[in-house]
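Both backbone and side-chain heavy atoms feed into the values below; hydrogens, waters and symmetry mates do not.
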Amino acid sequence: MDTEIKSLENKIQQFVELCHRLRADNQQLRQDLASAVSQSKRLEEKINMATARLEILLSQIPAEDAQ
């Protein structure tokens, strides 16, 4: 009976440790995701600004006259 209780205690302890590890991993993944989303938004803004600048530059190029 004592060995069964000890075995159960060990299994419970392992389970608790696993839960703590998974919770920490989950928190890290949430932070990584938030960072990736933020970076994606910044890059999207840069692309939009570059696109707008290119459109302005293209509009300033004189059109070729059809001869």
Answer yes or no: are there more than 12 heavy-atom neighbours, outside Q31 itself, under 6.0 Å from its atom CD?
yes
Inter-residue atom distance S40.OG - E44.CD, 0.5 Å rounding
6.0 Å
State which residues pass side chain to side chain contact (heavy atoms under 4.5 Å, CB included) with M1; sequence neighbours excluded, sorted by chain then number.
E4, I5
Hydrophobic cluster mates of L33, side-chain heavy atoms under 4.5 angstrom, ILVMFWY only, any path?
V37
Is there a donor in the side chain of E17 and an acceptor in the side chain of Q13, or the other way round, less than 3.5 Å apart?
yes
For T51, all residues meeting side chain to side chain contact (heavy atoms under 4.5 Å, CB included), sequence neighbours excluded:
I47, E55
Point-to-point distance, once rounded to the nearest 0.5 Å, from NE2 of H20 to CZ of R23:
7.0 Å
Group every Ile, Leu, Val, Met, Phe, Trp and Tyr by side-chain heavy-atom contacts under 4.5 Å, then state whether L58 and M49 land in the same group.
no
Ignoring hydrogens and angles, state whether a donor on the side chain of N10 or Q14 is under 3.5 Å from an acceptor on the partner side chain.
no
Applying side chain to side chain contact (heavy atoms under 4.5 Å, CB included), can you list everything that pairs with L43, at least two apart in sequence or on another chain?
Q39
Can you name the residues that form a side chain to side chain contact (heavy atoms under 4.5 Å, CB included) with L18, not counting sequence neighbours?
R21, L22
Any heavy-atom pair between the side chains of L57 and I61 that's under 4.5 Å?
no
K11: which residues meet the salt bridge (Lys or Arg N to Asp or Glu O under 4.0 Å) condition with it, sequence neighbours left out?
none
